[in-house]
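Working notes, structure below.
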Amino acid sequence: AIEEDVTIEILTGTTFQNIASTEFISILCVDIEKNRYFCCITSEPDMYLDTGSYGRNGEFSTTMRRIFYNIPGVSEDRRDEFLENLDSKVIKKKLSDSSEYVFYYGRVVNGVDRRYKISIRWLDRAHNLVIIAKKDVTDTVHEEQKKEKMLSDALEDAKRANEAKTVFLSNMSHDMRTPLNGVIGFTNLAIESNSIEEKDEYLEKIKTSGEFLVQLINSTLDLSKIESHKMTLIPDYVKWNGILESVINSIQAEADKKGIRLVADTSKCGYNGVVYIDSLRFKQIFLNLLSNAIKFTHNGGTVQLIAEFLDKTVKSCNCKITVCDNGSGMSKEFAKKAFDPYSQDETRAVTRMEGTGLGLSIVKSLVDMMDGFIELETEENAGTQFIVYLPVKKAENMPDKTENVKKSNRNKLAGMTVLLCEDHPVNTDLIKLILENSDINTVCAGNGREGIDIFSSSAIGHFDAVIMDICMPFMDGIEATKAIREMDREDAKKVPVIAMTANVFHEDREKLFEAGMTGFLSKPVDVEMLFKTLEEQCM
C-alpha cells in the first residue's frame with residue numbers, strides 16, 4: 001500500500017506542490033513582523049538564495065529589492081512602486097480589513113510584455129504569517145484587453161450610429177422645411193385669393209411642393225441608410241424643364257415672404273427634353289442653395305438660378321447651374337469652411353435666423369455623390385455665387401414613362417361598398433369624398449373595435465373591401481384584421497383588407513401581411529394608387 005511506502009504528510013505535500021506549480025510561478029511564506037521569508041515552490045529558483053537546511057529562505061525586504069533591481073525587463077520608474085506594494089507595513093495595513101491584497105506588475109521577457117499578479121493572504125494572523133503567490137496572467141490580461149477593445153469598438157460604433165442618426169434627422173428637418181413652406185405659403189395665398197385662376201395656380205404649386213415633400217420623406221425612411229451612413233442614387237428619366245420648375249415652385253413662397261425677387265434663367269440650356277438623373281437629390285442640392293441664398297439676402301434683393309448645358313465638358317460635367325444673390329456675402333475665413341457640417345458665419349448680421357448649418361454640407365455631399373463639383377465665390381456685403389457642375393445624361397428620344405403608366409378604371413369600381421376604419425376625422429372625410437366621388441359606397445368606423453362591430457353585424461358579402469388604418473385607439477388595425485379573419489363567417493376569410501399607414505418600413509409591411517391584410521397604402525394616400533389597389537384586390 002502507498003501508506004507503507006510514504007507518509008500521508010509527504011503524499012499530501014507532493015500533491016499540493018504539483019498542483020501549485022502548475023498554477024503559480026512562486027509561493028512564499030512570509031513573516032511580516034520578523035521580515036523573513038520561506039520559498040514553498042518556485043519555477044524561478046535563481047531569484048531566491050538556497051541557504052540552510054530549510055531550503056530557499058532569507059530576509060524578505062532585502063531579497064525583494066535585489067530581485068526587482070537586478071532582473072531584466074522591469075521598468076525602472078515602476079520598480080520602487082512595486083517594492084512599496086511588498087512593504088511589510090503596507091501588507092499589514094491592506095490585510096487589516098480585507099481577506100486578500102492584490103496588485104499587478106509588468107516585465108519584458110524575451111521581447112514580450114508579461115503581466116504578473118501578486119496575491120497576498122493571511123496564513124496565520126496570530127503569528128503574522130502571510131502567503132504571497134505570484135502568477136503569470138499575461139494571457140488572461142490579453143484576453144480581457146481584447147474583450148475591452150471589442151466593447152470599446154462596439155460602443156464607438158453605437159456612438160457613430162447615434163451621431164449619424166442625429167445628423168440624419170437634422171438634415172431631414174432642414175430639407176423638409178422648404179417644401180413645407182411652399183405648401184403653407186401657397187395655401188394661405190389660395191385662401192385669400194378671389195380669382196379662380198390664381199387658386200388653380202396656387203393649388204398646382206401646393207401639389208408640386210407636397211409631392212416633393214412626400215418623395216423626400218419616403219426616400220429617407222430606410223433606417224439601414226442611417227446606420228451605414230450611406231445614401232444611394234436612384235436615377236430615372238424626368239423632364240428637364242419639369243425638374244427646374246419644381247425647384248422654383250417649392251422655394252417661391254419662401255422668397256415672396258421676404259420680398260425677394262427670384263429669377264430662373266434657362267435661356268442658355270438650349271434643351272427641354274428628358275434627362276436621366278436622380279431628380280430628388282438634384283432638387284435637394286438646389287433647394288438648399290436657393291434657401292441659403294434667400295436666408296442671407298435682405299428684403300428687396302435678388303436671387304437667381306441660371307442653368308445651362310456646356311458645349312465642352314468640364315471635368316466630365318456637361319451641366320453648369322449657378323445660384324447667386326446680392327445678399328450679405330461671407331467672410332474669407334468662413335468661406336474656407338463653408339461646406340463643413342454645422343458651420344455658420346458668426347459675423348453675419350442674420351445668424352439669428354433659424355438654421356442648422358447643414359445646408360451647404362448636404363449640398364457638397366450630394367454633388368460629390370453625383371460625380372460633380374462645386375465652386376464658391378463670395379464677398380462680404382456684395383453677395384455669394386455657387387457654381388455647380390454636374391454630369392447630366394440627355395435622353396431626347398426617351399419617352400416620359402409617366403405618360404405610359406396604366407391608370408385604374410374607376411368606372412369598374414362604381415357600386416362597391418367599402419368599410420373605412422380611420423380615427424382621424426380629416427383623413428376620414430378626405431378618403432370618403434374621394435371614394436364617393438367615384439360612386440363607391442363608404443361606411444366609416446372611428447377605430448378598430450367599431451370596425452369589427454360594423455363588419456360582424458353586416459350581411460354576408462356586404463363589404464367588397466376593408467380599408468384599415470393601423471394606428472387607432474381602443475384596437476389597432478392589426479388586431480382588428482386578426483379579429484375579422486377569426487370570425488365564423490364565409491366572407492371574413494376572403495374579404496380584401498387594405499392597410500393604410502404612415503409606417504412604410506419593410507418589417508412593418510411583413511407584420512401587416514402576417515395579420516391577414518392583403519394590400520398596402522402608405523400615407524399620404526396617392527389617389528391613383530388607392531383606386532389601382534382596390535381594382536387589383538376586388539376585380
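Judged by distance alone, the side chain of Glu450 and the main-chain N or O of Gly446 form a donor-acceptor pair under 3.5 Å. In terms of modelled atom types and a separation under 3.5 Å, the side chain of Asn35 and the main chain of Ser61 share a donor-acceptor contact. Here the side chain of Asn70 pairs a donor or acceptor atom with the backbone of Arg66 at under 3.5 angstrom. Under the 3.5 Å distance criterion, the side-chain polar atoms of Asp325 are left unmatched by any main-chain donor or acceptor of Thr297. At least one donor-acceptor pair under 3.5 Å links the side chain of Trp122 to the backbone N or O of Leu95. Remark: the backbone N or O of Glu59 is not paired with any side-chain donor or acceptor of Thr62 at under 3.5 angstrom. At least one donor-acceptor pair closer than 3.5 Å links the side chain of Arg485 to the backbone N or O of Ala492. Remark: side-chain polar atoms of His424 are paired, donor with acceptor, to backbone N or O of Val426 under 3.5 angstrom. Between the side chain of Ser96 and the backbone N or O of Lys93 there is at least one donor-acceptor pair closer than 3.5 Å. When atom types are taken as modelled, the side chain of Thr518 and the backbone of Val497 share a donor-acceptor pair closer than 3.5 angstrom.
Both the sub-6.0 Å distance and the 45° axial angle are satisfied by Lys315 relative to the ring of Phe373.
Minimum heavy-atom separation, Ser328 to His298: CB-NE2, 4.5 Å. In this structure, Phe513 and Gly519 approach most closely via the heavy-atom pair CE2-N, 4.0 Å. Met487 and Ser456 make their closest contact through CE-CB, 3.8 Å (heavy atoms, listed as atom of the first residue, atom of the second, distance). When all heavy atoms of Ser250 and Ser209 are compared, the pair lying nearest together is CA-OG, 3.6 Å. When all heavy atoms are compared, the tightest approach of Ala515 to Thr481 is O-CG2, 3.5 Å. Taking every heavy atom of both residues into account, Arg121 and Ser99 meet most closely at CG-O, 3.5 Å.
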Criterion side chain to side chain contact (heavy atoms under 4.5 Å, CB included) on Tyr37 and Ile132, from CA distance to verdict: CA-CA 10 Å; Tyr37 81 90; Ile132 301 180; over 6 Å; no
Audit row: Val303, Ile294, side chain to side chain contact (heavy atoms under 4.5 Å, CB included) steps and yes/no: CA-CA 7 Å; Val303 172; Ile294 291 169; 4.1 Å; yes
Step-by-step side chain to side chain donor-acceptor pair (under 3.5 Å) determination, Asp371 to Tyr389: CA-CA 9 Å; Asp371 296 325; Tyr389 293 87; over 6 Å; no
Side chain to side chain donor-acceptor pair (under 3.5 Å) between Arg114 and Thr138, worked out: CA-CA 5 Å; Arg114 310 298 300 182; Thr138 304; 3.3 Å; yes
Verdict with reasoning, Met47 to Ile71, per side chain to side chain contact (heavy atoms under 4.5 Å, CB included): CA-CA 8 Å; Met47 288 189 179; Ile71 60 172; 3.7 Å; yes
Chi angles and distances behind the side chain to side chain contact (heavy atoms under 4.5 Å, CB included) call for Glu156, Lys159: CA-CA 5 Å; Glu156 189 60 31; Lys159 182 181 177 182; 4.3 Å; yes
Verdict with reasoning, Ser119 to Glu100, per side chain to side chain donor-acceptor pair (under 3.5 Å): CA-CA 7 Å; Ser119 175; Glu100 183 181 27; 2.4 Å; yes
Verdict with reasoning, Gln385 to Thr322, per side chain to side chain donor-acceptor pair (under 3.5 Å): CA-CA 7 Å; Gln385 179 171 275; Thr322 303; 5.5 Å; no
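Side-chain contact between Tyr101 and Asn85 is present, with heavy atoms from C-beta onward closer than 4.5 Å. The shortest distance between side-chain heavy atoms of Arg281 and Ile234 does not fall below 4.5 Å. Looking at heavy atoms from C-beta onward, Asp278 lies out of side-chain contact with Leu366 at the 4.5 angstrom threshold. Annotation: side chain of Pro72 is in contact with side chain of Arg107 (closest heavy-atom distance under 4.5 Å). Side chains of Leu376 and Ile387 form no contact here, defined as non-hydrogen atoms less than 4.5 Å apart. Residues Leu289 and Val363 meet the side-chain proximity criterion, which asks for heavy atoms closer than 4.5 Å. Counting only heavy atoms from C-beta outward, the side chains of Lys364 and Ile374 approach each other to under 4.5 Å. Looking only at side-chain heavy atoms (C-beta outward), Met330 and Thr384 come within less than 4.5 Å of each other.
Aromatic rings of Phe68 and Tyr105 (six-membered ring for Trp) have centroids within the 6.0 Å cut-off, being under it.
Put simply, CG on Leu512 and CE on Met468 are 11.0 Å apart, with the number rounded to the nearest 0.5 Å. Interatomic distance, SG of Cys40 versus CG of Leu28, reported as 7.0 Å (0.5 Å rounding). From Lys134, atom NZ reaches atom OG1 of Thr42 across 7.5 Å, with rounding to the nearest 0.5 Å. Lys117 contributes atom NZ, which lies 13.0 Å from atom CD1 of Ile25 (distance to the nearest 0.5 angstrom). Rounded to the nearest 0.5 Å, atoms CG (Asp423) and OG1 (Thr428) are 7.0 Å apart. To the nearest 0.5 Å, atom CD1 of residue Ile470 and atom CZ of residue Phe520 are 8.0 Å apart.
Salt-bridge formation is detected for the pair Glu81/Arg78: a Lys NZ or Arg NE/NH1/NH2 atom is positioned less than 4.0 Å from an Asp or Glu carboxylate oxygen. Contact check on Glu33 versus Lys92 returns a salt bridge, with a Lys/Arg side-chain nitrogen under 4.0 Å from an Asp/Glu carboxylate oxygen.
Environment of NZ in Lys493: crowded, with over 12 heavy atoms of neighbouring residues, nucleotides or ligands closer than 6.0 Å. Counting non-hydrogen atoms of neighbouring residues, nucleotides and ligands closer than 6.0 angstrom, the OH atom of Tyr69 exceeds 12 such neighbours. Within 6.0 Å of the CG atom in Asp488, the count of heavy atoms belonging to other residues, nucleotides or ligands does not exceed 12.
Between the side chains of Glu254 and Ser291, at least one donor-acceptor pair of N or O atoms lies under 3.5 Å.
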